Amino acid sequence: QSPSIIFARDLSPSDTAQLPHDKVLGFITLLGSKTSHTAIMARSMDLPAIVGIEEKEGIQIETGMFAILDGNKGILVINPRQETLEEYGAVEERHEQIIQKLDELRHDISVTTDNRRIILSGNIEMTSDIQGVVNSGAEGIGLFRSEFLFANRDDLPGEEEQYAAYSEAARSVKPHNVILRTLDIGGDKLMSRLFETHEQNPFLGVRAIRICLAHPELLRTQLRAMLRACVEGNVRIMYPMISGVEEVRQANKILFEEKDKLKAAGHQIPDNIEIGAMIEIPSAALTADIIAKEVSFFSIGTNDLIQYSIAIDRGNEKLAYLYSPTHPAILRLINGVVQAAHANNIWVGVCGEMASEFVLTPLLLGLGVDELSAGSAQVPRIKRVIRSISYAESKQMVDEILQETSSQLIMDRLTAFSEERFPELFE
Ligand code: PEP
Ligand code: MG
């Protein structure tokens with residue numbers, strides 16, 4: 001069968017992970033949205049996709065039709081005319097030129113024009129994504145979504161298998177860091193039959209750290225593999241879906257116990273491993289000053305922070321219009337988290353999709369974020385923005401933006417700023 005575009009009602013993140021690269025050119029689904037894990041998977045696999053396409057009446061899609069799939073703009077052109085094909089040919093050429101130009105920045109560091117250093121790292125789902133991060137010019141991995149090791153199987157990955165994956169990541173990005181995130185299944189990532197729970201509200205259910213604390217053996221095995229990988233490079237460990245400080249304390253207790261056991265067994269585990277908490281639930285954001293006392297860093301998971309703050313399922317295409325990273329509530333929460341982190345002398349990153357949108361980079365810089373972890377395809381654009389602006393001007397803009405009253409006004413302002421300063425990045 002020749003390579004094709006897949007059109008499906010829905011694709012789960014684990015189905016997406018299994019799509020064969022040589023047979024699938026891209027995909028379109030009716031359900032889901034830009035921040036659903038299926039869309040995130042598509043981006044990290046570098047597959048053009050439209051997740052949650054708007055249904056248009058009277059349009060029939062049949063097997064064998066030809067189509068142009070423009071994943072950047074979310075446009076599907078069925079049976080394109082010759083002019084459209086030519087137009088897209090030119091778009092592709094231009095796109096290639098821009099990518100080549102951005103590639104010149106690959107070995108440059110991410111620093112603003114007034115010398116504020118930002119760590120720009122990349123997100124990965126699977127070990128096959130590591131090379132993409134290295135090639136993108138990112139400084140290490142800011143989020144390793146370890147749950148994909150648990151996908152599409154009936155058993156659990158053991159300590160050795162996990163150790164092999166984590167140490168490969170650590171070795172590949174050394175001397176940069178890799179941030180290993182403990183298991184975050186549940187929500188839309190219901191990927192193992194072992195954890196099927198049939199909950200009414202999976203996003204508000206037994207997910208991530210909650211599953212791990214309910215099954216400590218699962219967490220112990222994972223933490224042992226992560227701790228052993230610390231010997232192979234610069235590894236940091238973080239916990240997802242923290243709702244309050246108690247969960248951090250419980251997870252840390254398990255981590256320290258496993259570390260002591262490993263050391264007693266002769267493993268040379270370093271003593272200065274940085275342990276972090278993801279801030280992606282409003283209760284954690286609002287108690288960031290308390291949580292900061294127990295960890296070395298925060299990583300803000302804006303995908304979930306937006307979902308839980310505005311009360312919208314992040315994968316529901318009908319609510320995509322409300323899913324707004326520039327909602328004043330989100331900006332206030334991020335602002336508070338950064339201030340709490342800095343007041344407690346810890347650093348703070350952003351690893352949600354907000355970090356992958358170059359239009360939002362000046363906003364995050366101005367809010368004082370120290371690290372951004374983006375999808376590897378977006379890293380060069382983000383680096384270009386960081387290297388072109390000053391911290392002082394982004395801070396000034398953010399001071400003004402924080403007085404604005406609506407998401408749309410804020411987004412318009414940020415878009416106008418980027419259109420003026422980096423018009424080529426929109427092409
Ligand atoms: C987030 O919620 O922003 C995040 C990075 O985690 P995930 O997308 O895996 O839920
Ligand atoms: Mg999350």
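One is the number of the first residue; the rest follow in order along the sequence. What you see is a predicted model, and the numbers here were worked out from it, not measured in a lab. Counting starts at 1 for both ligands and their atoms, in listed order.
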**Student:** Heavy atom under 4.0 Å from ligand 1: found in Glu353's side chain, backbone, both, or neither?
**Tutor:** neither
**Student:** Does a salt bridge link Glu257 with Lys253, judged by any charged N lying under 4.0 Å from a carboxylate O?
**Tutor:** yes
**Student:** Which part of Arg181 is near ligand 1, with near meaning a heavy atom under 4.0 Å away: side chain, backbone, both or neither?
**Tutor:** side chain
**Student:** I need the atoms of ligand 1 closer than 4.0 Å to a non-hydrogen atom of Gly301, numbered in the order shown.
**Tutor:** 1 (C), 2 (O), 3 (O)
**Student:** Under 4.0 Å between a Lys/Arg side-chain N and an Asp/Glu carboxylate O for Arg106 and Asp103?
**Tutor:** yes
**Student:** At a 4.0 Å threshold, what atoms of ligand 1 neighbour a non-hydrogen atom of Leu143?
**Tutor:** 5 (C)
**Student:** Which one holds for Arg207 and ligand 1: side chain close, backbone close, both close, or neither close, with close meaning a heavy atom under 4.0 Å?
**Tutor:** side chain
**Student:** Give the single entry among Ile306, Ile300, Asn303 that approaches atom 3 (O) of ligand 1 most closely by any heavy atom.
**Tutor:** Asn303
**Student:** Considering only heavy atoms, which of Glu147, Glu125, Glu280 lies nearest to atom 2 (O) of ligand 1?
**Tutor:** Glu280
**Student:** Answer side chain, backbone, both or neither: which part of Met354 comes under 4.0 Å from ligand 1, heavy atoms only.
**Tutor:** neither
**Student:** Using a strict 4.0 Å cut-off to heavy atoms of Arg314, name the atoms of ligand 1 that fall inside it.
**Tutor:** 2 (O), 7 (P), 8 (O), 10 (O)
**Student:** Within ligand 1, which atoms have a heavy atom of Asp184 less than 4.0 Å away?
**Tutor:** 10 (O)
**Student:** Hey, what's the angle at the Mg ion (ligand 2) spanning OD2 (Asp304) and OE1 (Glu280), nearest 10 degrees?
**Tutor:** 100°
**Student:** So with a 6.0 Å cut-off around CD of Glu420, is the heavy-atom count from everything else above 12?
**Tutor:** no
**Student:** Which ligand 1 atoms are under 4.0 Å away from a heavy-atom of Cys351?
**Tutor:** 5 (C)
**Student:** Between Thr35 and ligand 1, find which residue part has any heavy-atom pair under 4.0 Å and reply side chain, backbone, both or neither.
**Tutor:** neither
**Student:** Can you tell me if NZ on Lys263 sees more than 12 non-hydrogen neighbours from other groups inside 6.0 Å?
**Tutor:** yes
**Student:** Would you call Glu104 and Arg384 a salt bridge, using N to O less than 4.0 angstrom?
**Tutor:** no
**Student:** Salt bridge check, Asp304 against Arg207: does any charged N sit closer than 4.0 Å to a carboxylate O?
**Tutor:** yes
**Student:** Check step by step if side chain to side chain contact (heavy atoms under 4.5 Å, CB included) holds for Thr302 and Ile330.
**Tutor:** CA-CA 8 Å; Thr302 51; Ile330 302 302; 5.5 Å; no
**Student:** How far is atom 7 (P) of ligand 1 from its nearest protein heavy atom, and which residue and atom is that?
**Tutor:** His37 NE2, 3.2 Å
**Student:** So, Asp129 side chain and Met126 main chain: donor-acceptor pair closer than 3.5 Å or not?
**Tutor:** yes
**Student:** Check the surroundings of atom NZ in Lys318: do more than 12 heavy atoms from other residues, nucleotides or ligands lie under 6.0 Å from it?
**Tutor:** no
